[in-house]
Chemist: 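Please see the structure below; I have some questions.
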Amino acid sequence: MKTRLLGIQIDNIPEESVLKDIDSFLLSQKQHYIVTVNPEFLVLAQKDEEFFHILNKADLVVPDGFGLKFVSFFFPPLIEENITGIFLTEHLLKEAQRKNHKIAILKPLKALSLKKDIEKSLKLKYPSLKFLIIENEDREKIAQEIKKFQAEILFVTLGAPKQEKFIVDNLNKLKSIKLAIGVGGSFDFITEKVKRAPKFLQFIGLEWFWRFLQEPRYRFKRILKAVFVFSFLVFKEKMINPFFYRPNVACLLYKKEKNKYFIFLAKRVDHKNHWQIPQGGLDGESIEKAAIRELREETGVKNISVKGVFKNVHKYK
């Protein structure tokens, strides 16, 4: 089941199902990438269109942040489980060691955990794990190192949205990688450069408060965005926007003649030099039915067949 918040489709499934999906990704011949979204991600995606699409195109979008679960209490369906980046990182490291998968870690040149810190911690906690740590900004050299090592799992620790954009821009060039995931500062917990909150705070969803106490100046703006800005945007989307916007379908009508494709564009009479594809309200119908109705009403074309439906939600005025 998926939950939509601020236009982002989040996989609202149990932890067990998430881990099963990950196992299937590693067995697949296709490449996959996972994102762990928190409220900051969703706020950022409202102004970064590329990031918005990257999140919606991910193979698995995991809720990571108490704020997501909190707002779902007021705007169901309820997000049952909060699955953190550090949890998925540790799971993947254990699985990689157990199943003999090679992993690569791409980290920035300047970071809290140095390359030697990560190497030492991984050798201590996962003694038989085969890993490669890359500190390089040259994408060609990164690709060469991964190809030479034949890594199957890629952890990118560049922070959002840089890490997600790197994955999407480069995954198809990294042929050996089966699964990629942006994990932010997760390796800082593994090296113990950053202490995790006590278990009871993690359980009741107050790990963010623990982090605030550790780094109040650094965390203040992030918490402001994750708690107040995020909550306001969700309230606006759920309670205010429905009075000003309506569910809408836009239709790309085309035909093929003599190996050429012709796309229908209409010029509006009420807006000078404004051209657009046919569109209109869903009016309670499915996307397919509403699209056919609008096309027949606006173009008069009767012989229509549906070739594809794209269900991602986009907002515009």
Side-chain angles (χ1 to χ4, degrees), residues 2-11 33 35 37 39-59 61 71 75 160-162 164-172 225 228-317:
K2 288 185 179 289
T3 297
R4 186 176 69 85
L5 285 173
L6 302 183
I8 305 301
Q9 301 285 350
I10 300 170
D11 290 291
Y33 75 93
V35 292
V37 296
E40 290 178 85
F41 279 46
L42 302 193
V43 172
L44 181 60
Q46 304 310 296
K47 294 184 177 180
D48 188 330
E49 188 175 355
E50 180 187 5
F51 191 43
F52 181 96
H53 289 295
I54 286 171
L55 296 181
N56 272 322
K57 289 180 180 179
D59 297 286
V61 182
V71 299
F75 304 106
K162 190 175 181 180
E164 286 75 23
K165 291 182 179 182
F166 174 89
I167 289 170
V168 170
D169 290 344
N170 296 277
L171 188 56
N172 64 341
K225 187 180 293 185
F228 298 104
V229 176
F230 170 67
S231 299
F232 170 74
L233 290 176
V234 174
F235 176 81
K236 182 182 175 185
E237 178 190 58
K238 301 291 187 180
M239 303 300 292
I240 299 175
N241 285 353
F243 293 99
F244 296 93
Y245 299 92
R246 64 173 181 162
N248 185 283
V249 60
C251 313
L252 182 68
L253 177 65
Y254 74 92
K255 66 178 180 178
K256 184 180 180 182
E257 287 184 356
K258 297 178 181 179
N259 295 320
K260 289 185 178 180
Y261 289 92
F262 296 86
I263 296 173
F264 180 86
L265 289 173
K267 186 177 182 180
R268 293 187 68 101
V269 295
D270 55 346
H271 288 81
K272 188 178 180 181
N273 297 323
H274 185 99
W275 295 72
Q276 69 181 64
I277 57 179
Q279 65 185 56
L282 291 180
D283 297 334
E285 295 179 320
S286 68
I287 291 175
E288 293 92 334
K289 286 184 178 179
I292 291 172
R293 172 177 51 77
E294 288 294 334
L295 285 171
R296 287 175 175 169
E297 288 177 359
E298 297 190 1
T299 69
V301 176
K302 303 296 183 184
N303 186 18
I304 301 167
S305 62
V306 178
K307 297 294 186 180
V309 177
F310 304 88
K311 295 185 178 180
N312 282 348
V313 175
H314 304 274
K315 294 181 295 183
Y316 62 93
K317 296 182 180 179

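None of the values given here were measured: they were computed from a predicted structure.
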Chemist: Is there a side-chain contact between L253 and I263 in this structure, where contact means two heavy atoms from C-beta onward sitting under 4.5 Å apart?
Modeler: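 They are not in contact (no side-chain heavy atoms under 4.5 Å apart), so the answer is no.
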
Chemist: Might you confirm whether atom CD of E49 has over 12 heavy atoms from other residues, nucleotides or ligands at distances under 6.0 Å?
Modeler: no

Chemist: Ignoring hydrogens, what is the shortest heavy-atom contact between P242 and K236? Give both atom names and the distance.
Modeler: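 For P242 versus K236, the nearest heavy atoms are CD-O, 4.4 Å.
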
Chemist: If you measure from CZ on F51 to CZ on F41, what distance do you get to the nearest 0.5 Å?
Modeler: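 Atom-to-atom, F51:CZ and F41:CZ are 5.0 Å apart.
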
Chemist: Hey, could you give me the NZ/CG distance between K255 and N303, rounded to the nearest 0.5 Å?
Modeler: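 So the NZ of K255 and the CG of N303 are separated by 11.5 Å.
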
Chemist: Taking C-beta and beyond as the side chain, do E294 and P278 meet within less than 4.5 Å on heavy atoms?
Modeler: no

Chemist: Between F230 and L6, is any pair of side-chain heavy atoms under 4.5 Å apart?
Modeler: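 In contact.
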
Chemist: Minimum heavy-atom separation for A45 and F52, please, with both atom names.
Modeler: O-CB, 3.6 Å

Chemist: Check this for me: does any side-chain nitrogen of one of D48 and K165 sit under 4.0 Å from a carboxylate oxygen of the other?
Modeler: yes

Chemist: Looking at every non-hydrogen atom in both residues, tell me the closest pair between D11 and D59 and how far apart they are.
Modeler: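 Smallest interatomic distance, heavy atoms only, reads OD2-O, 4.4 Å.
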
Chemist: Nearest 0.5 angstrom please: L5 CG to I8 CD1, how far?
Modeler: 9.5 Å

Chemist: Is it true that a side-chain atom of Y254 and a backbone atom of F262 form a donor plus acceptor pair closer than 3.5 Å?
Modeler: no

Chemist: Could you give the distance from NE2 (H274) to CG (L265), rounded to the nearest 0.5 Å?
Modeler: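 Here the rounded value is 10.5 Å.
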
Chemist: Would one find more than 12 heavy atoms of other residues, nucleotides or ligands at under 6.0 Å from atom NZ of K2?
Modeler: yes

Chemist: Which heavy atom of N56 sits nearest a heavy atom of Q9, and at what distance?
Modeler: OD1-N, 2.9 Å

Chemist: Mind checking the NZ-NZ spacing from K272 to K267? Nearest 0.5 Å is all I need.
Modeler: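 One finds 8.5 Å between NZ of K272 and NZ of K267.
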
Chemist: Please step through side chain to side chain contact (heavy atoms under 4.5 Å, CB included) for the pair V61 and L55, ending with a clear verdict.
Modeler: CA-CA 7 Å; V61 182; L55 296 181; 5.6 Å; no

Chemist: Less than 4.5 Å apart, side chain to side chain, heavy atoms only: is that true for F166 and L171?
Modeler: no

Chemist: Quick check: closest heavy atoms across Q46 and L42, and the distance to 0.1 Å?
Modeler: NE2-O, 2.9 Å

Chemist: Inspect the contact between R4 and E237 and indicate whether a charged nitrogen and a carboxylate oxygen are less than 4.0 angstrom apart.
Modeler: yes

Chemist: Determine whether L282 and N248 make a side-chain contact, defined as any pair of heavy atoms from C-beta on separated by less than 4.5 Å.
Modeler: no

Chemist: Given H53 and V168, is the side chain to side chain contact (heavy atoms under 4.5 Å, CB included) satisfied, shown in steps?
Modeler: CA-CA 10 Å; H53 289 295; V168 170; over 6 Å; no

Chemist: Does the side chain of R268 come within less than 4.5 Å of W275's, by heavy atoms?
Modeler: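 No, their side chains stay 4.5 Å or more apart.
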
Chemist: In terms of heavy-atom contacts, does CG of N259 have more than 12 from other residues, nucleotides or ligands at under 6.0 Å?
Modeler: no

Chemist: Is there a side-chain contact between V301 and I304 (heavy atoms, below 4.5 Å)?
Modeler: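 Result yes, sub-4.5 Å side-chain heavy-atom pair found.
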
Chemist: For a 4.5 angstrom cut-off between non-hydrogen side-chain atoms, does I277 reach C251?
Modeler: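 I277 does not reach C251 side chain to side chain.
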
Chemist: Grab the two heavy atoms, one from Y33 and one from A58, that are nearest each other, plus how far apart they are.
Modeler: OH-N, 3.3 Å

